[in-house]
Amino acid sequence: MHAMQYDITLPADYDMEIIRKRVATRGHLLDDFPGLGLKAYLMREREDGSPVNQYAPFYLWAAAAGMNAFLWGPGFQGIVNDFGRPVVRHWTVLAYDEGPAASAPPRGATRQRRALPDGIPPAEAVTAELARHGRESATEGVVARALAVDPRHWELLSFTLWADAAPDEPGDRFQVLHLSAPGRRDLPNGRLW
């Protein structure tokens, strides 16, 4: 299972209604995309306290084949045509859990990225994060939560979808404009390692 995200940072005076309209008219196009577990169409705005205006879709792929089909197909080319070619970050998913609010449509999301601590064996650090992930997945209001790692940069990613606006906690907070989830029910729940 793979997590993937690209951030498109927009000018401070950018009309974010353009992003809302883009998602409203195109978001449904991935509602049945093969290999896609879920795609959260995320946005954050300066007027809501974000340091930047940003469109930052987040994906969970059941397998690399679906991710590759998207990246090398017309869907991602539309992003490249409209905004240029963004850096696409990707991580190996360590755990995925549906939360207590799994049946609710998500309205908010949080993303926390942090380096694995130096001086601790990677497996030991990941095991501690997996324990924390399990506890936090059971938090009231959590729709779904993923924990992933980028072993090139030794970066951990915690991503949470919330039934309501994202709580004020460490990390980046986003609005969820749409959720495409054709393979969500097929994503393995729990620890993947």
Side-chain angles (χ1 to χ4, degrees), residues 1-9 30 32-42 44 54-73 75-77 79-80 85-99 102 106 108-139 142-162 166 169-174 176 179-193:
M1 194 165 149
H2 301 273
M4 182 182 95
Q5 187 174 40
Y6 46 89
D7 298 337
I8 298 170
T9 302
L30 292 186
D32 60 358
F33 195 88
L36 177 63
L38 65 83
K39 175 183 180 180
Y41 293 78
L42 306 179
R44 58 183 179 153
Q54 197 171 64
Y55 175 53
F58 182 88
Y59 304 75
L60 287 176
W61 297 98
M67 181 172 67
N68 289 336
F70 174 76
L71 286 172
W72 317 132
F76 187 67
Q77 188 59 45
I79 289 290
V80 173
R85 186 172 62 190
V87 171
V88 178
R89 284 194 234 74
H90 57 95
W91 302 264
T92 298
V93 177
L94 300 170
Y96 171 79
D97 287 286
E98 296 279 311
T110 51
R111 174 187 69 193
Q112 296 177 8
R113 294 185 323 218
R114 59 195 171 283
L116 251 72
D118 288 330
I120 298 174
E124 190 176 310
V126 165
T127 298
E129 286 297 324
L130 284 163
R132 185 169 92 161
H133 167 83
R135 290 189 305 273
E136 292 181 3
S137 295
T139 302
V142 169
V143 172
R145 193 162 193 280
L147 177 68
V149 65
D150 169 0
R152 181 181 187 280
H153 297 102
W154 294 111
E155 176 186 69
L156 283 167
L157 167 80
S158 295
F159 178 79
T160 307
L161 291 170
W162 298 93
E169 62 178 31
D172 302 315
R173 296 187 337 246
F174 298 92
V176 178
L179 184 72
S180 291
R184 180 177 167 195
R185 69 176 167 262
D186 299 325
L187 293 175
N189 269 291
R191 182 176 168 161
L192 303 175
W193 168 76

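These figures come from a predicted structure and were not determined experimentally. Along the sequence shown, residues are numbered consecutively beginning with 1.
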### Closest contact, heavy atoms only, Ala144 versus Arg184
CB-NH2, 4.4 Å

### Message
Could you check whether any side-chain heavy atom of Arg145 comes within less than 4.5 Å of a side-chain heavy atom of Thr139, counting everything from C-beta outward?
### Response
no

### Message
Do Leu187 and Val93 have side chains that approach each other closer than 4.5 Å (heavy atoms only, starting at C-beta)?
### Response
no

### Message
When you compare the side chain of Leu192 with that of Leu94, does any pair of heavy atoms fall below 4.5 Å?
### Response
no

#### Entry: Approximate separation, where rounding is to 0.5 Å, of Arg135 CZ and Leu130 CG
11.0 Å

### Task
For Ala123 and Thr127, work out which heavy atoms get closest and say how close.
O-OG1, 2.8 Å

### Message
Are more than 12 heavy atoms, taken from residues, nucleotides or ligands other than Arg132, located less than 6.0 Å from that residue's CZ atom?
### Response
yes

### Query
Which heavy atom in Met1 sits nearest to a heavy atom in Pro188, and how many Å separate them?
SD-CD, 3.8 Å

#### Entry: His133 side chain near Arg191 side chain, heavy-atom distance below 4.5 Å
no

### Arg114 CZ to Glu129 CD distance, which is reported to the nearest 0.5 Å
4.0 Å

### Query
Below 4.5 Å, heavy atoms only, C-beta onward: do Phe33 and Trp61 meet side chain to side chain?
yes

### Query
Ring centres of Phe174 and Phe58 under 6.0 Å apart?
no

### Query
How long is the gap from CG on Asp97 to OG on Ser137, to the nearest 0.5 Å?
4.0 Å

### Task
With rounding to the nearest 0.5 Å, note down the distance linking CZ in Arg111 to CG in Leu157.
8.0 Å

### Query
Would you call the rings of Phe70 and Tyr6 parallel, tilted or perpendicular if under 30° counts as parallel and over 60° as perpendicular?
parallel

### Task
Check whether any side-chain heavy atom of Val88 sits under 4.5 Å from a side-chain heavy atom of Met4, and report yes or no.
yes

#### Entry: Any donor-acceptor pair under 3.5 Å from Glu98 side chain to Asn189 backbone
no

### Task
Could you tell me whether a side-chain N or O of Asp150 sits under 3.5 Å from a main-chain N or O of Arg152, the two making a donor and an acceptor?
yes

### Nearest atoms (heavy-atom pairs only) where Lys39 meets Pro57
CE-CB, 3.6 Å

#### Entry: Asp186 side, atom CG; Leu36 side, atom CG - distance, nearest 0.5 Å
11.5 Å

### Salt bridge present between Asp172 and Arg44 (N-O < 4.0 angstrom)
yes

#### Entry: Exam field: side chain Asp7 to backbone Gln54, donor-acceptor pair closer than 3.5 Å
no

### Task
State, with a plain yes or no, whether a side-chain heavy atom of Tyr59 is found less than 4.5 Å away from one of His90.
no

### Message
Quick one, Leu42 and Tyr55 - any side-chain contact, counting heavy atoms below 4.5 Å?
### Response
no

### Task
Please check if any side-chain donor atom of Thr110 sits under 3.5 Å from a side-chain acceptor atom of Glu169, or the reverse.
yes

### Task
Could you tell me which non-hydrogen atom of Ala109 sits nearest to which non-hydrogen atom of Ala166, and how far apart they are?
O-CB, 3.4 Å

### Query
If you round to the nearest 0.5 Å, how far is CE of Met67 from CH2 of Trp72?
8.5 Å

